[in-house]
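Presented below is the structure to which this report refers.
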Amino acid sequence: MREIAFIKQNKEKWLDIEQVVLGKIKKNPDDLSSLYINLINDLSFSQTYYPKSKTTVYLNYLSSQIFQKIYKTKRIEQNRLKSFFMKEVPLIMYEYRKYLLLAFLVFSMFTTIGIISTHYDVDFVKLILGEDYVNQTLENIKKGNAVAIYGSGSNWGSAIGIIQNNLGVGAKLYAYGIFGGVGTLFVLMQNSIMLGTFQYFFQQQGVLGDSMRGIWIHGAFEISAMVIEASAGFILGASLLFPKTYSRLNSFKIGFRNSFKIFVSTIPFTIFAGLLEGFVTRYALQMPLIIDLVIIFGTLGFIIFYYAIFPYRVHKKLKHDAIL
């Protein structure tokens, strides 16, 4: 069948499904499952005969939206909060997984730029981190405690201040996506270059190991959350720049709804990172190395699993349930 004929034959059905996605038409779970199976058949046909066509891209997007609707309209016997974190967010992350990869690649690129710039420009570290901070850290290194700066202030005072700051950075990474993603890119660039500069500065002083023992105790959650918040900002920007078959307004509504849920999901990780920084980081060099490593790799492994692996499992399970 020629693609034009395929589109003409199914156009009305697809437009009706768009109305379901936008919430203008309500369907019960059984009807949604039928729509999903029907769409999957159309998608399979399109992928076989028109693999590089915009029709295939469109049907793939429409299928993912209906798939979310199936989940949302199911009668589930569990509390809303558990449902949000265990199914809703993973499904959204699966749908927008390419944006998470994009955010990670951008983060890695600018972190590398920070490292290279610090390597070749002796004054770059003071420009990025501030002369007072650099001088104070150099004094701490001479005294044998590279992360002593994290021991200043009270535990709760430090934790609350850090949480407020990190929530502010996360909000900027997300909200600035409204400017077509450029605002998010700028904030991510600033923080990534700072991280690269920060870590390479300790490498130059010969205390990278000590700094990583302390910094990454809270940094695993903090930095990972930053990348995820950036992905949410990119999703928000893309919903305005690339509306696909939707009007720009409807595309923005869908993009905002999904990206905001991703941003909200990072808040517990940001708060926990602040608590770790306020209560644990200051004791990092006094604790056995094995405890530091368990905290670092435990928190890093958990957040990678939740945002990068778990979504695939949830999607696979619900896809199986929908077909049944």
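Minimum interatomic distance between I115 and G196 (heavy atoms only, all atoms of both residues): CG1-O, 3.5 Å. Between I262 and S231, the shortest heavy-atom contact is CG2-OG, 4.5 Å. For V125 against T197, the heavy-atom pair with the smallest separation is CA-CG2, 3.7 Å. Of all the heavy atoms in I228 and L100, the pair that sits closest is CG1-CD1, 4.0 Å. Nearest heavy-atom pair, E277 versus T281, reported as atom, atom and distance to 0.1 Å: CA-OG1, 3.4 Å. Taking every heavy atom of both residues into account, I163 and G274 meet most closely at CG1-CA, 3.7 Å.
There is a side-chain donor-acceptor pair under 3.5 Å between K13 and N10. No hydrogens or angles considered: nothing links the side chains of N60 and S63 as a donor-acceptor pair under 3.5 Å. With 3.5 Å as the limit, one finds no donor-acceptor pair spanning the side chains of T270 and E222. Defined by atom type and a distance below 3.5 Å, a donor-acceptor pair is missing between the side-chain atoms of T56 and Q47. A donor and an acceptor atom, one from each side chain of Q65 and E18, are nowhere located under 3.5 Å apart.
When the side chains of ILVMFWY residues are joined at heavy-atom separations under 4.5 Å, either directly or via intervening members, F234 and V57 end up in two distinct hydrophobic clusters. Under the 4.5 Å side-chain contact rule for hydrophobic residues, I235 and Y94 do not share a cluster. In the hydrophobic clustering of this structure, M93 groups with M86; members are Ile, Leu, Val, Met, Phe, Trp, Tyr whose side-chain heavy atoms approach within less than 4.5 Å, directly or through other members. A chain of hydrophobic side-chain contacts below 4.5 Å, direct or via other Ile, Leu, Val, Met, Phe, Trp or Tyr residues, connects Y58 to I17. Transitive grouping of hydrophobic side chains (ILVMFWY, heavy atoms separated by less than 4.5 Å) brings Y96 and I309 into a common cluster.
Applying the side-chain hydrogen bond (donor to acceptor under 3.5 Å, both in side chains) test to S117 and every residue at least two apart in sequence or in another chain returns nothing. For N191, the side-chain contact (heavy atoms from CB on, under 4.5 Å) criterion is met by V169, V187, M226, not counting sequence neighbours. For the ring pair (Phe, Tyr, Trp, His ring centres under 6.0 Å) test, residues two or more places apart in sequence or in another chain that qualify with Y174 are F263.
With contacts defined as side-chain heavy-atom distances shorter than 4.5 Å, the pair T111/I193 does not qualify. Within the 4.5 Å cutoff, no side-chain heavy atoms of F269 are placed close to those of S224. Looking at Y49 and E3, their side chains never come closer than 4.5 Å, going by heavy atoms from C-beta outward. Looking only at side-chain heavy atoms (C-beta outward), Y307 and T266 come within less than 4.5 Å of each other. Between V314 and P311 there is no side-chain heavy-atom pair separated by less than 4.5 Å. Inter-residue side-chain proximity for T118 and F198 is flagged as unmet; no heavy-atom pair is nearer than 4.5 Å. You'll find the side chain of S251 stays beyond 4.5 Å of the side chain of F242, heavy atoms only. Within the 4.5 Å cutoff, the side chain of F305 has heavy atoms near those of the R313 side chain.
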Going through the distances and angles, do F202 and M212 end up as a side-chain contact (heavy atoms from CB on, under 4.5 Å)?
CA-CA 9 Å; F202 283 102; M212 293 186 72; over 6 Å; no
Does the side-chain contact (heavy atoms from CB on, under 4.5 Å) test come out yes or no for T55 and I7, once each step is laid out?
CA-CA 8 Å; T55 303; I7 294 172; 3.4 Å; yes
Is there a ring pair (Phe, Tyr, Trp, His ring centres under 6.0 Å) between F6 and Y50? Walk through the geometry before answering.
CA-CA 10 Å; F6 176 64; Y50 329 114; 5.7 Å; yes
Between I178 and F252, is a side-chain contact (heavy atoms from CB on, under 4.5 Å) present by the stated rule, with each step listed?
CA-CA 9 Å; I178 196 72; F252 175 71; 3.4 Å; yes
Could you go through the side-chain contact (heavy atoms from CB on, under 4.5 Å) check for Q199 and W216 one step at a time?
CA-CA 11 Å; Q199 288 288 248; W216 285 95; 2.7 Å; yes
Under 3.5 Å, which donor-acceptor pairs link side chains of residues 285-300 to any protein atom two or more places apart or in another chain?
from, atom 1, to, atom 2, distance (Å)
D292, OD2, R213, NE, 2.8
D292, OD2, R213, NH2, 2.8
T299, OG1, I295, O, 2.7
T299, OG1, I296, O, 3.0

Could you go through residues 126-138 and list every donor-acceptor pair under 3.5 Å that involves a side-chain atom there, pairing it with any protein atom two or more places apart or in another chain?
from, atom 1, to, atom 2, distance (Å)
N135, ND2, E131, O, 3.2
Q136, NE2, N140, OD1, 3.2
T137, OG1, Y133, O, 2.9

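The main-chain N or O of I254 is never found under 3.5 Å from a side-chain atom of R257 such that the two would form a donor-acceptor pair. With S259 contributing its side chain and G233 its backbone, the two residues share no donor-acceptor pair below 3.5 Å. Of the possible polar contacts, none joining the S192 side chain to the M189 backbone as a donor-acceptor pair under 3.5 Å is found.
Residue pairs meeting the side chain to side chain donor-acceptor pair (under 3.5 Å) criterion with at least one partner in residues 153-164, sequence neighbours excluded, are S158-R282.
With rounding to the nearest 0.5 angstrom, the CZ atom of F124 is 10.5 Å from the CD1 atom of I116. S108 contributes atom OG, which lies 6.0 Å from atom CG of L105 (distance to the nearest 0.5 angstrom). One finds the NE2 atom of H119 at 10.5 Å from the CD atom of Q203 (value rounded to the nearest 0.5 Å). Put simply, CG on L188 and NZ on K172 are 14.0 Å apart, with the number rounded to the nearest 0.5 Å. Rounded to the nearest 0.5 Å, atoms CG (L185) and CZ (F110) are 5.0 Å apart. If you take CZ on F221 and CG on N166, they are separated by 13.0 Å, rounding to the nearest 0.5 Å.
Sparse packing is recorded around CZ of F104, with 12 or fewer heavy atoms of other residues, nucleotides or ligands lying under 6.0 Å away. Crowding of Y306 atom OH: a count of heavy atoms from other residues, nucleotides or ligands under 6.0 Å exceeding 12. Annotation: F302, atom CZ; neighbour count of heavy atoms from other residues, nucleotides and ligands within 6.0 Å does not exceed 12. More than 12 heavy atoms of other residues, nucleotides or ligands shown are found within 6.0 angstrom of CG on L249. Residue-environment remark: NZ (K54) stays at or below the threshold of 12 foreign heavy atoms within 6.0 Å.
Ring centers of Y176 and F186: at least 6.0 Å apart, outside the cut-off.
Exactly one residue among S53, S46, S64 makes a side-chain contact (heavy atoms from CB on, under 4.5 Å) with L59. That residue is S46.
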